[in-house]
Undergrad: 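My questions will all concern the structure given below.
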Amino acid sequence: MGSLIVRGLEDDLIARLKARAAAHGRSAEAEHREILRKVLTERSQEMPFGDMRGKIWVAPDFDETPQDVLDSIESDIV
């Protein structure tokens, strides 16, 4: 197995990773592995609309951008 070092992460992101890891009862490193595993293996099956990025129409009176909508959907999956 290989190793991966991620540099330059914002402190807030690290804190959120640690909090998420604690909630799942695992180390931050194990949580990081699980997030990568989910995003890189399962996401393509969970998000069949993935190639529609940038093509979703949002009503003008709706105060979220298409990217905001996708981000909220993705955060529910991960």
Side-chain angles (χ1 to χ4, degrees):
M1 286 199 182
S3 295
L4 175 67
I5 297 173
V6 181
R7 300 179 200 278
L9 293 174
E10 296 88 0
D11 291 338
D12 178 61
L13 190 59
I14 294 168
R16 291 172 63 189
L17 175 66
K18 288 180 179 179
R20 181 179 165 135
H24 292 134
R26 52 185 162 223
S27 69
E29 184 177 351
E31 187 68 18
H32 188 193
R33 276 193 299 270
E34 183 59 25
I35 291 168
L36 288 171
R37 188 177 295 112
K38 275 189 165 194
V39 169
L40 298 174
T41 59
E42 298 172 7
R43 173 172 264 157
S44 61
Q45 295 167 5
E46 292 178 10
M47 296 182 62
F49 54 86
D51 34 73
M52 291 184 63
R53 283 185 191 277
K55 299 177 185 173
I56 295 176
W57 180 79
V58 178
D61 59 333
F62 197 75
D63 60 337
E64 289 183 288
T65 66
Q67 189 60 53
D68 292 337
V69 174
L70 285 175
D71 290 344
S72 68
I73 292 168
E74 290 175 359
S75 68
D76 290 343
I77 292 172
V78 178

Undergrad: Please report the shortest heavy-atom distance between Ser27 and Ala21, naming the atom on each side.
TA: O-CB, 3.5 Å
Undergrad: Does Arg26 CZ have over 12 foreign heavy atoms under 6.0 Å away?
TA: yes
Undergrad: Quick one: closest heavy-atom pair of His32 and Leu17, and the distance?
TA: N-CD1, 4.1 Å
Undergrad: Can you tell me how far the CD atom of Glu31 sits from the NZ atom of Lys18, to the nearest 0.5 Å?
TA: 13.5 Å
Undergrad: Tell me, do Leu4 and Leu36 make a side-chain contact under 4.5 Å, heavy atoms counted?
TA: yes
Undergrad: Hey, what do you get for CD (Glu29) to OG (Ser3), rounding to the nearest 0.5 Å?
TA: 8.0 Å
